[in-house]
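None of the values given here were measured: they were computed from a predicted structure. In what follows, residues are counted from 1 in the order of the sequence shown. In listed order, ligands and their atoms are each counted from 1.
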Amino acid sequence: MVRALYPGSFDPVTNGHLDILQRASLLFDEVLVAVADNHSKQVLFSPEERVTLLQEATAFLPNVRVTSFQGLLVDFARNQGARAIIRGLRAVSDFEFEFQMALMNRSLEPKLETLFLMSSEEYTYLSSRMVKEVSRLGGEIGRFVPDCVNAALQARFAPGKDI
Ligand code: PNS
């Protein structure tokens, strides 16, 4: 049973994340989506909300589970018996940070491999940050995110709500 971790902020999950997740789910027996509960990053959705949205959005993938984690990713991966970390690459601009992170994680835990999967071209410009900004300013984001996320963003940015 080979398990991979797909870690990230997922604030919120987008169709680009789901594209990577679907690809990973074909390669591993189980993919555990690991939502970072990281207090140093300003987020729109709480870890619990992000996990719930991911669970709803990934219900169609039987070998995918979702949870949150605190602390170092490599410690969490070791506790979960994961063999690999999955990260998505959209464009060359992602590479430098991802490369640094992969090498740091490997120096902390040499047995854990980071695998990069390339998202579909249609998602190269998509990011959670962009989706939040477009939604906050009243733009239509239905084609970029799962329905549950679209509804959650509309509720969060409804007129009269103080963000
Ligand atoms: O979706 P993101 O924000 O690009 O994900 C980054 C994430 C959560 C994978 C990364 O920040 C992380 O692993 N955080 C956990 C703390 C940790 O292990 N930091 C050292 C990584 S080199």
For this session: Could you walk me through whether L117 and L89 pass side-chain contact (heavy atoms from CB on, under 4.5 Å), step by step?
Result: CA-CA 6 Å; L117 297 182; L89 284 180; over 6 Å; no

Problem set entry | Side-chain H-bond candidate by donor/acceptor type, E109 with N105, under 3.5 Å | no

Exercise. With a cut-off of 4.0 Å, which atoms of ligand 1 are near a heavy atom of M104?
Worked result: 22 (S)

Seminar exercise, completed: In this structure, atom 15 (C) of ligand 1 is nearest to the protein heavy atom G71 O, 3.6 Å

For this session: Could you find the nearest protein heavy atom to atom 14 (N) of ligand 1 and give me its residue, atom name and distance?
Result: F69 CZ, 4.4 Å

Problem set entry | Protein contact to atom 3 (O) of ligand 1 [nearest heavy atom, distance to 0.1 Å] | S9 OG, 2.6 Å

For this session: Taking only Lys NZ, Arg NE, NH1 and NH2, and the carboxylate oxygens of Asp or Glu, determine whether E30 and R65 approach each other closer than 4.0 Å.
Result: yes

For this session: Evaluate whether atom CD of E96 has more than 12 neighbouring non-hydrogen atoms of other residues, nucleotides or ligands under 6.0 angstrom away.
Result: no

Seminar exercise, completed: ligand 1 atoms nearer than 4.0 angstrom to some heavy atom of K41 are 3 (O)

Exercise. How far is atom 7 (C) of ligand 1 from its nearest protein heavy atom, and which residue and atom is that?
Worked result: R87 NH1, 4.3 Å

Problem set entry | Atoms in ligand 1 flagged as close to N105, the criterion being non-hydrogen separation under 4.0 Å | 21 (C), 22 (S)

For this session: Just jot down the ligand 1 atoms closer than 4.0 angstrom to any heavy atom of A36, in number order.
Result: 8 (C)

Problem set entry | Which residue and heavy atom of the protein sit nearest atom 10 (C) of ligand 1, plus the separation | M101 SD, 3.9 Å

Exercise. If we ignore angles and hydrogens, is there a donor and acceptor under 3.5 Å between the side chains of S40 and N38?
Worked result: yes

Exercise. Using 4.0 Å as the upper bound for N to carboxylate O, is an ion pair formed by D11 and K132?
Worked result: yes

For this session: For atom 20 (C) of ligand 1, state which one of L72, L5, L73 supplies the nearest heavy atom.
Result: L72

Exercise. Thinking salt bridges, do R156 and E49 make one under a 4.0 Å N-O criterion?
Worked result: yes

